[in-house]
Amino acid sequence: MTLYINCCPRINSRTDRLARALLKKLGEYEELRLYDEPIRAMIKDKKLYRKDTVANICSELDGEIFRYSHQFAAADRIVIAAPYWDLSFPAQLKIYIENIYATGIVTRYGADGRPEGMCRAEELIYVTTSGGPFDGRFGYGYVKALAEDYFGIPATRLLLAEGLDIQGNDPEAILQKVMAENGLTEA
């Protein structure tokens, strides 16, 4: 099943709208709306607990602290929707990534010390919109590197609508064009 990681803080988000057109094409999915989840940045005690638990490789790898890690690792496909903010994505997505990155669930380290991904997904699709020009090095590039180099997800792709807030541009026409170019329709 597809895991939809919704990191769109605004109601009626253009990024969410584009992602939902994609999800309509992909079929059944499970949504994780990051702004509705009780995820928090790693604090010293939580990080030490997680590190000790993973180091001991005990049954606690199934504990609540690893719920998001297991959900991410088990997905067949992952769709992340995050608007392009300040050359990246909302901080909530980074906090989520911090919380799922658990050795023994989403990644392990090989004999040579290099990470080996353990995720089942064959593809990660990153959906974003930007008001101006898009530079994917800091947002999409980061997620792509993690997916391919640490999570073991062999394919990533970007679904982007950019220039939506440039004076004189028609944001609706831009969104419709991107959808049409990708064979997407809205519900």
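Note that the coordinates shown come from a computational prediction; the quantities given were computed from them, not determined experimentally.
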- Message: In the structure I gave you, are the side-chain heavy atoms of Tyr96 and Tyr68 within less than 4.5 Å of one another anywhere?
- Response: yes
- Message: Applying side chain to side chain contact (heavy atoms under 4.5 Å, CB included) to Leu18 and Val178, what does each step give before you reach the verdict?
- Response: CA-CA 9 Å; Leu18 184 57; Val178 169; 4.0 Å; yes
- Message: If I compare all heavy atoms of Ile174 with all of Ala161, which pair ends up nearest, and what's the gap?
- Response: CG2-CB, 4.3 Å
- Message: For Ala82 versus Tyr126, what's the shortest heavy-atom pair and its separation?
- Response: CB-OH, 3.8 Å
- Quick one: do Glu37 and Arg67 make a salt bridge, cutoff under 4.0 Å? yes
- Query: Heavy-atom count around Asp36 CG within 6.0 Å, excluding the residue itself: above 12?
  - Reply: yes
- Message: Taking Leu184 as the starting point, is it possible to reach Val79 by hopping between hydrophobic residues whose side chains are less than 4.5 Å apart?
- Response: yes
- Other residues, nucleotides, ligands: >12 heavy atoms within 6.0 Å of Lys24 NZ: yes
- Query: Between Tyr4 and Tyr29, what is the ring plane arrangement, given parallel below 30°, perpendicular above 60°, and tilted in between?
  - Reply: perpendicular
- Query: If you group Ile, Leu, Val, Met, Phe, Trp and Tyr by side-chain heavy-atom gaps below 4.5 Å, do Ile100 and Met1 land in one group?
  - Reply: no
- Message: Please say yes or no: joined through hydrophobic side-chain contacts below 4.5 Å, possibly via intermediate residues, are Phe134 and Tyr142 part of one cluster?
- Response: yes
- Would you call Asn182 and Leu22 a side-chain contact if the rule is heavy atoms closer than 4.5 Å? no
- Item | Path from Leu3 to Val127 over hydrophobic side-chain contacts below 4.5 Å | no
- Residue pair Thr129 / Leu160, side-chain heavy-atom distance below 4.5 Å: no
- Message: Is it the case that over 12 heavy atoms from other parts of the model lie below 6.0 angstrom from the CD atom of Glu28?
- Response: no
- Item | Nearest non-hydrogen partners of Cys8 and Arg33, listed with the distance | O-NH1, 2.7 Å
- Between Arg17 and Glu186, is there a salt bridge with N-O shorter than 4.0 Å? yes
- Query: Taking only residues at least two apart or on different chains, which pairs with a member in residues 150-187 satisfy ring pair (Phe, Tyr, Trp, His ring centres under 6.0 Å)?
  - Reply: Phe72-Phe151
- Message: So that I can tick it off, tell me whether Arg20 and Glu31 are bridged by a salt bridge, with the cut-off set at under 4.0 angstrom between side-chain N and carboxylate O.
- Response: yes
- Task: Check for a donor-acceptor pair, side chain of Asn169 on one end and backbone N or O of Pro171 on the other, with a separation under 3.5 Å.
- Result: no
- Message: To the nearest 0.5 Å, what is the distance between OG on Ser88 and OH on Tyr140?
- Response: 14.0 Å
- Item | Co-membership, hydrophobic cluster, residues Val143 and Trp85, 4.5 Å side-chain | no
- Item | Closest non-hydrogen atom pair between Ser130 and Glu162, with its separation | OG-CB, 3.2 Å
- Query: Do Ile5 and Leu34 touch side chain to side chain, with heavy atoms closer than 4.5 Å?
  - Reply: yes
- Query: Atom SG of Cys7 and atom CG of Asp16: how far apart are they, to the nearest 0.5 Å?
  - Reply: 11.0 Å
- Taking NZ, NE, NH1 and NH2 as the nitrogens, is one of them in Arg14 or Asp165 under 4.0 Å from a carboxylate oxygen of the other? yes
- Starting at CG of Leu32, measure out to CD of Gln71 and round the result to the nearest 0.5 Å. 5.0 Å
- Would you call Thr2 and Asp76 a side-chain contact if the rule is heavy atoms closer than 4.5 Å? no
- Message: Just by distance, no angles: are the side chains of Glu148 and Thr156 close enough, under 3.5 Å, to form a donor-acceptor pair?
- Response: yes
- Task: Specify the closest pair of heavy atoms between Ile153 and Leu124, including all atoms of both residues, with the distance to one decimal.
- Result: CG2-N, 3.7 Å
- Note on the structure: Here the gap from Ile105 atom CD1 to Cys119 atom SG, rounded to the nearest 0.5 Å, amounts to 10.0 Å
- From CD1 (Ile39) to CG (Asn99), nearest 0.5 Å: 6.0 Å
Tell me which donor-acceptor pairs under 3.5 Å the side chains of residues 109-118 have, and how far apart each pair is, sequence neighbours excluded?
residue, atom, partner, partner atom, Å
Tyr109, OH, Tyr101, OH, 2.9
Asp112, OD1, Arg114, N, 3.0
Glu116, OE1, Arg108, NE, 3.1

- Pair Thr15, Thr128: side-chain N/O donor-acceptor within cut-off below 3.5 Å: no
- Message: I'd like to know if Glu122 pairs up with Arg77 as an ion pair, taking the criterion as any Lys NZ or Arg NE/NH1/NH2 lying under 4.0 Å from an Asp or Glu carboxylate oxygen.
- Response: no
- Message: Using every non-hydrogen atom in the two residues, find where Pro90 and Tyr35 come nearest and quote the distance to one decimal.
- Response: CB-OH, 3.2 Å
- Message: Can you tell me how far apart CD (Glu181) and CG (Leu159) are? Round to the nearest 0.5 Å.
- Response: 10.0 Å
